Amino acid sequence: MIEYENLKKVNEKFYDQFKDAFSNVLDSGWFILGNSVSTFEKEFAAYNEIEHCIGVASGLDALTMSLTALPKNDNKDEVLVPSNTYIATIISILNAGYKPVLVEPNIETYNIEASDIKEKITQKTKAVMVVHLYGLACNMEEISELCKEKNIYLIEDCAQAHGAEINGKKIGTFGDFGAFSFYPSKNLGALGDAGAVTTNNAEFAETIKMLRNYGSKVKYENEIVGINSRLDEVQAAFLSIKLKELDKLNSHKIKLAKIYEENIDNELIIKPKFYENRKSVYHIYPIRTKNRKSLREYLLSKGIKTEIHYPIAPHKQVAFKNLFNTEYPISEEIHNTVLSLPISFYHTKEDVDIIVEAINKYK
C-alpha cells in the first residue's frame, strides 16, 4: 500500500534530536516564550531573509492577527481573498471583523492574479489576502505593485508554501505580512499546532507580539486587547531541528513532482502547470479529472491512497450559507475535480513510478 501521508515516517529521522530538544526544554523549566521560541524566530526570519518573525499558536491565528494589526483609521472593511482557498483563510477575515470578498482564481495556477484582483477593488477594500495554494507562489511582483498603487494592504497566506519562491525571492516577504502554518502535515511541520507571522515592518511586529500575549509587552500591563496565541517552547525546538532540513525536503518533493509532470500521460488527467520562475514546493501535487470518484477508487484498488484538497468550495460551506450570494464556477470546477497524489518526504521514486503507471492505464 502506498499511503498518501505517514507523519511517523516523515519524522522518524528526527526522533533522537527531538528527544534531546525536549529534554533541554524540560530541564530549562521555561515553557512559554523562552529561548527556543526566540531562537526559532531568528532562524526562520533569516531563512526567509526578512526582518521579523513572531511565533504564534496556529496558521489561523497568524492570519487573524495580521489583519487585526492593521490600522483602523478608515472606513474600509473588505478583504479580497481567493474563492478556492481553505476555509481558515476566510474565517480569519471574519474573526478580524472584516468582510471577505471572493476573487476567482486562474484555473491553471489555482491562484488569484493581479488582473482578477483589480476588478474586485472598491473604495471599501482594506487588504488583499493571497494564498500560495498547493505550494506554488502567486505572481507577487504584479500583485504587490497593484496593492502599492491602490494603497491597500497585502497579506500572504503561506501555510502551504514554506520556501517557495518567485524569481528567487521567498514568499512571505512581498506583503505587509506573511502568515505561516506549521501544522504537522506541512512541508515544515511541527508535532502539533503552531504558526508564525513574518514582516519587515517593526511597528507591525511589535503589535503582533502584543496581540499574541493578551495585548501586553510588560507582564500585567496590557496596552491593547489581545489573545493567547503563543508558539510554545517544545514546538519551537522541534521546528528549529526540521528547518535545517527544509530545503532538502522541498527538493525531494520537487523531484517527485517532476516525475509526475514528465511521465503522466493520460488525456483524462489535467496536471498542474510547471513554471520556471516560480519555485513551487509542492506541499500538494494536485491533478484534476472529471471522473474523480472513479479514478480515486481505481487507484485505491491498486494500493494507492489519495486525498482531496478540498472537496467543498468555501461559498458552498454551511457555515457561510448567508455570506455569499454569488456563484463561483471556477472555484466549483476546481473543488469538484481536484485530486491530490502522494508526494511526501518519505515517498520514493519507485512509489511515484508505480502511481504514474497506474494513472496512465486508467480509462
Side-chain angles (χ1 to χ4, degrees), residues 32-34 37-38 40-42 44-45 48 50-74 76-82 85-101 125-132 147 152-162 171-183 186 188 190 192-219 221-233 235-236 239:
I32 299 291
L33 298 184
V37 169
S38 60
F40 173 72
E41 289 174 335
K42 291 173 185 174
F44 196 62
N48 289 290
I50 199 165
E51 290 295 320
H52 306 281
C53 169
I54 306 94
V56 299
S58 69
L60 173 58
D61 283 353
L63 290 166
T64 302
M65 286 189 285
S66 295
L67 286 168
T68 305
L70 298 179
K72 303 294 191 297
N73 56 352
D74 55 42
K76 299 178 177 181
D77 66 353
E78 294 180 349
V79 177
L80 306 188
V81 63
T85 186
Y86 181 57
I87 195 171
T89 322
I90 297 171
I91 289 174
S92 74
I93 297 170
L94 295 171
N95 285 351
Y98 292 102
K99 176 184 176 182
V101 175
T125 304
K126 178 80 172 186
V128 173
M129 185 175 279
V130 299
V131 181
H132 304 291
C147 288
I152 53 181
Y153 294 100
L154 176 57
I155 298 165
E156 299 176 68
D157 183 340
C158 309
Q160 298 187 2
H162 315 76
I171 54 91
T173 64
F174 289 88
D176 297 285
F177 294 102
F180 291 83
S181 167
F182 303 121
Y183 184 76
K186 305 298 186 186
L188 180 58
D193 278 316
V197 177
T198 56
T199 182
N200 276 317
N201 185 308
E203 185 176 342
F204 282 162
E206 285 303 309
T207 301
I208 297 293
K209 287 178 182 178
M210 286 192 289
L211 284 171
R212 74 174 174 182
N213 192 35
Y214 301 105
S216 173
K217 285 183 185 176
V218 179
K219 193 172 184 179
E221 295 180 14
N222 305 85
E223 298 180 31
I224 58 177
V225 177
I227 60 174
N228 175 4
S229 180
R230 300 170 298 209
L231 174 63
D232 75 66
E233 285 287 285
Q235 298 303 335
L239 287 167

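These figures come from a predicted structure and were not determined experimentally.
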side-chain contact (heavy atoms from CB on, under 4.5 Å) between Tyr86 and Ile91, intermediate numbers included: CA-CA 9 Å; Tyr86 181 57; Ile91 289 174; over 6 Å; no
For side-chain contact (heavy atoms from CB on, under 4.5 Å), just list the numbers for Asp157 and Leu63, CA-CA rounded to whole Å, side-chain angles, deciding distance to a tenth of an Å, and then say yes or no. CA-CA 7 Å; Asp157 183 340; Leu63 290 166; 3.6 Å; yes
Heavy-atom side-chain proximity of Cys147 to Ile152 below 4.5 angstrom: yes
Passing option when His132 is tested against Glu156, Gln160, His162 for side-chain hydrogen bond (donor to acceptor under 3.5 Å, both in side chains): Glu156
Would Val37 and Glu233 count as a side-chain contact (heavy atoms from CB on, under 4.5 Å) if you check the C-alpha gap in whole Å, the side-chain angles of each, and the deciding distance to 0.1 Å? CA-CA 6 Å; Val37 169; Glu233 285 287 285; 3.1 Å; yes
Check Phe182 against Ala196 and note the closest heavy-atom contact, atom names and distance. CE1-CB, 3.6 Å
Value for CZ (Phe177) from CG (Asn201), rounded to nearest 0.5 Å, stands at 6.5 Å
Donor-acceptor pair, distance only, cut-off 3.5 Å: does the side chain of Asn200 make one with the backbone of Glu51? yes
Minimal heavy-atom distance between Tyr98 and Lys76, with the atoms involved, is CE2-O, 3.8 Å
Give the minimum heavy-atom separation between Lys72 and Leu70, together with the two atoms involved. NZ-O, 3.0 Å
Would you find a donor on one side and an acceptor on the other, under 3.5 Å apart, between the side chain of Ser216 and the backbone of Val218? yes
Hey, could you give me the CD1/SG distance between Ile171 and Cys158, rounded to the nearest 0.5 Å? 3.5 Å
Report yes if some heavy atom in the side chain of Ile90 is under 4.5 Å from a heavy atom in the side chain of Thr85; otherwise report no. yes
Between NZ on residue Lys186 and CG on residue Leu239, distance to nearest 0.5 Å: 13.5 Å
Looking at Ala69 and Ile208, what are the two nearest heavy atoms and their distance? CB-CD1, 3.9 Å
Do Gln235 and Leu231 make a side-chain contact, defined as non-hydrogen atoms from C-beta onward lying under 4.5 Å apart? yes
Regarding Thr198 and Asn48, is there a side-chain donor-to-acceptor distance under 3.5 Å anywhere? no
Give me the atom names and distance for the closest heavy-atom approach of Met210 to Ile224. CB-CD1, 3.9 Å
Heavy-atom side-chain contact between Ser66 and Tyr153 under 4.5 Å: no
Looking at Asp61 and Arg212, is there a salt bridge between them, counting it only when a charged N and a carboxylate O are closer than 4.0 Å? no
Going by heavy atoms in the side chains, are Met129 and Ser92 under 4.5 Å from each other? yes
Can you tell me how far the NZ atom of Lys209 sits from the CD atom of Glu41, to the nearest 0.5 Å? 6.5 Å
Roughly how far, to the nearest 0.5 Å, is NZ of Lys99 from CD1 of Ile93? 12.0 Å
Main-chain N/O of Gly195 paired to Ser181 side chain as donor or acceptor, under 3.5 Å: no
Decide side-chain contact (heavy atoms from CB on, under 4.5 Å) for Ile227 and Tyr214; before the verdict, give the C-alpha distance in whole Å, the side-chain angles of both, and the deciding distance to 0.1 Å. CA-CA 5 Å; Ile227 60 174; Tyr214 301 105; over 6 Å; no
Please determine which of Ile54, Val56, Thr207, Leu60 meets the side-chain contact (heavy atoms from CB on, under 4.5 Å) test together with Met65. Val56
Quick one: closest heavy-atom pair of Leu154 and Phe174, and the distance? CD2-O, 4.3 Å
Please confirm whether the backbone N or O of Ala57 pairs with a side-chain atom of Ser229, one donor and one acceptor, at under 3.5 Å? yes
